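Taking it in order: structure first as structure tokens, then the write-up.
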Amino acid sequence: MNSIDYKQFYDKVGKTNGWDFSNVKCISEGIKWDFYSEVTKACKKSDLLLDIGTGGGEAILTIAEAALLLVGIDQSTGMIETATNNLANSGRANVRFLQMDAQELLFPENFFNIVSCRHSVFYAKEIAKVLVKEGIFLTQQVSENDKLNIKEAFGRGQALGITGGTLKHQCIAELSEAGFTHIQSFDCNVIEFYQTAEDLIFLLKHTPIIPNFGQSEFDFQILQQFIAENQTEKGIKTNSERFMIIARV
């Protein structure tokens with residue numbers, strides 16, 4: 001996907017479900033952390049928090065009590081529409097959602113105490129600009145070998161063929177160049193078992209793991225074979241590989 005394709009994809013998903021996968025039935029084994037729990041641990045009640053690539057806002061709405069003010073931004077119109085609706089239904093008074101490109105953060109310098117970013121593109125220099133001195137940046141990103149058996153079955157997929165660790169090292173280098181210090185990184189490769197074919201299809205239709213999944217009838221033939229080969233007593237087996245970085249500016 002190019003940048004235009006991604007924006008159209010995220011707009012479509014945003015209007016559909018805003019990245020709400022709460023109804024997808026999946027058993028995970030080997031989880032080392034919950035990202036927004038780590039964000040909460042870094043927060044004080046008096047902090048201002050910025051969440052980049054906030055999607056439908058479900059995540060920061062669940063941690064609204066952790067900070068004084070939480071601002072979620074996303075470049076997708078569809079995502080922000082969903083987030084705004086979710087906010088109205090939540091009753092939270094200290095959360096705001098804005099449509100904004102992470103490449104140009106339109107906030108005062110030294111404004112936020114915490115910046116978080118899960119599975120979205122970030123620009124280290126922009127984040128350093130809006131963080132206070134000693135401010136904390138936390139990001140979780142999808143590693144190259146995520147859902148590897150699925151991508152190999154389809155012969156295409158997000159980051160397929162790229163050496164594992166490439167994105168993590170790139171992120172660390174950019175953060176260091178932008179003036180971040182005390183940069184820590186963590187890796188996690190979780191085994192996942194999707195309970196039904198419908199659960200797995202929902203995942204593939206609402207994420208960019210397999211670009212243009214379902215546009216060809218052949219995709220469903222591949223999927224049927226994949227399920228047959230990876231079905232276990234616990235469910236349809238794949239993996240979720242992530243890395244997390246915590247840094248101070």
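Here the structure is a predicted model, which is why all the values come from computation and not from measurement. If you read the sequence from its start, that first residue is 1, and numbering goes on from there.
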| query | Applying the salt bridge (Lys or Arg N to Asp or Glu O under 4.0 Å) test to Glu192, which of Lys237, Lys25, Lys147 qualifies? | reply |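 Considering Lys237, Lys25, Lys147, a salt bridge (Lys or Arg N to Asp or Glu O under 4.0 Å) with Glu192 is found only for Lys147.
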Of the non-hydrogen atoms in [X] and [Y], which two are nearest, and what is the gap between them?
{"X": "Asp187", "Y": "Phe243", "answer": "OD1-CB, 3.6 Å"}
{"X": "Thr139", "Y": "Phe35", "answer": "C-CE1, 3.6 Å"}
{"X": "Arg242", "Y": "Trp33", "answer": "O-CH2, 4.2 Å"}
{"X": "Leu106", "Y": "Met100", "answer": "N-SD, 3.3 Å"}
{"X": "Ser116", "Y": "Val39", "answer": "CB-CG2, 3.9 Å"}
{"X": "Val249", "Y": "Ala128", "answer": "CG2-CB, 3.9 Å"}

Atom [atom1] of [X] with >12 non-hydrogen neighbours under 6.0 angstrom:
{"X": "Gln224", "atom1": "CD", "value": "no"}
{"X": "Glu29", "atom1": "CD", "value": "yes"}
{"X": "Gln195", "atom1": "CD", "value": "yes"}

Please check this pair: side chain of [X] against backbone of [Y], looking for a donor-acceptor N/O pair closer than 3.5 Å.
{"X": "Glu144", "Y": "Gly165", "answer": "yes"}
{"X": "Ser176", "Y": "Ala173", "answer": "no"}
{"X": "Asp47", "Y": "Leu49", "answer": "no"}
{"X": "Ser240", "Y": "Val190", "answer": "no"}
{"X": "Arg96", "Y": "Val71", "answer": "no"}
{"X": "Asn94", "Y": "Ala64", "answer": "yes"}
{"X": "Asp34", "Y": "Ser37", "answer": "yes"}
{"X": "Asn239", "Y": "Asn145", "answer": "yes"}
{"X": "Lys168", "Y": "Ser143", "answer": "no"}
{"X": "Ser120", "Y": "Cys117", "answer": "no"}

| So if you build clusters from Ile, Leu, Val, Met, Phe, Trp, Tyr with side-chain heavy-atom gaps below 4.5 Å, do Ile52 and Leu61 land together? |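 No, no single cluster joins them.
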| Leu69 reachable from Leu138 in the ILVMFWY side-chain graph, under 4.5 Å edges |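 No, Leu138 does not connect to Leu69 through the hydrophobic network.
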| Are Lys205 and Asp219 close enough for a salt bridge, meaning some N to O gap below 4.0 Å? |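 No, no charged N to carboxylate O under 4.0 Å.
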| query | Between Glu65 and Arg92, is there a side-chain N and carboxylate O pair less than 4.0 Å apart? | reply |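 Arg92 and Glu65: salt-bridged.
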| field | Gap between atom CD1 of Ile209 and atom OG1 of Thr238 - 0.5 Å precision | value |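 Nearest 0.5 Å value for the OG1-CD1 distance: 7.5 Å.
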| message | Parallel, tilted or perpendicular: which one describes the rings of Phe180 and Phe137, with boundaries at 30° and 60°? | response |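 Rings of Phe180 and Phe137: tilted, 30 to 60°.
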| query | With ring centroids as reference points, do Phe218 and Phe154 lie under 6.0 angstrom apart? | reply |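 No.
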| task | Dump the intermediate steps for side chain to side chain contact (heavy atoms under 4.5 Å, CB included) on Asn23 and Phe202, then the final yes or no. | result | CA-CA 10 Å; Asn23 292 323; Phe202 186 92; over 6 Å; no
Do [X] and [Y] touch side chain to side chain, with heavy atoms closer than 4.5 Å?
{"X": "Leu68", "Y": "Asn113", "answer": "no"}
{"X": "Val24", "Y": "Leu203", "answer": "no"}
{"X": "Leu50", "Y": "Phe111", "answer": "no"}
{"X": "Tyr36", "Y": "Arg118", "answer": "yes"}
{"X": "Ser185", "Y": "Ile172", "answer": "yes"}
{"X": "Phe107", "Y": "Leu98", "answer": "yes"}

Indicate whether any N or O donor in one side chain lies under 3.5 Å from an N or O acceptor in the other, for [X] and [Y].
{"X": "Thr77", "Y": "Gln99", "answer": "yes"}
{"X": "Thr196", "Y": "Asp199", "answer": "yes"}
{"X": "Asn149", "Y": "Asn230", "answer": "yes"}

| Does the pair Phe213 and Leu223 meet the rule for a side chain to side chain contact (heavy atoms under 4.5 Å, CB included), with working shown? | CA-CA 10 Å; Phe213 171 79; Leu223 182 64; 4.0 Å; yes
| query | Looking at Asp51, Asp101, Thr54, Leu105, which one forms a side chain to side chain contact (heavy atoms under 4.5 Å, CB included) with Ile73? | reply |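 Exactly one option meets the side chain to side chain contact (heavy atoms under 4.5 Å, CB included) with Ile73, and it is Leu105.
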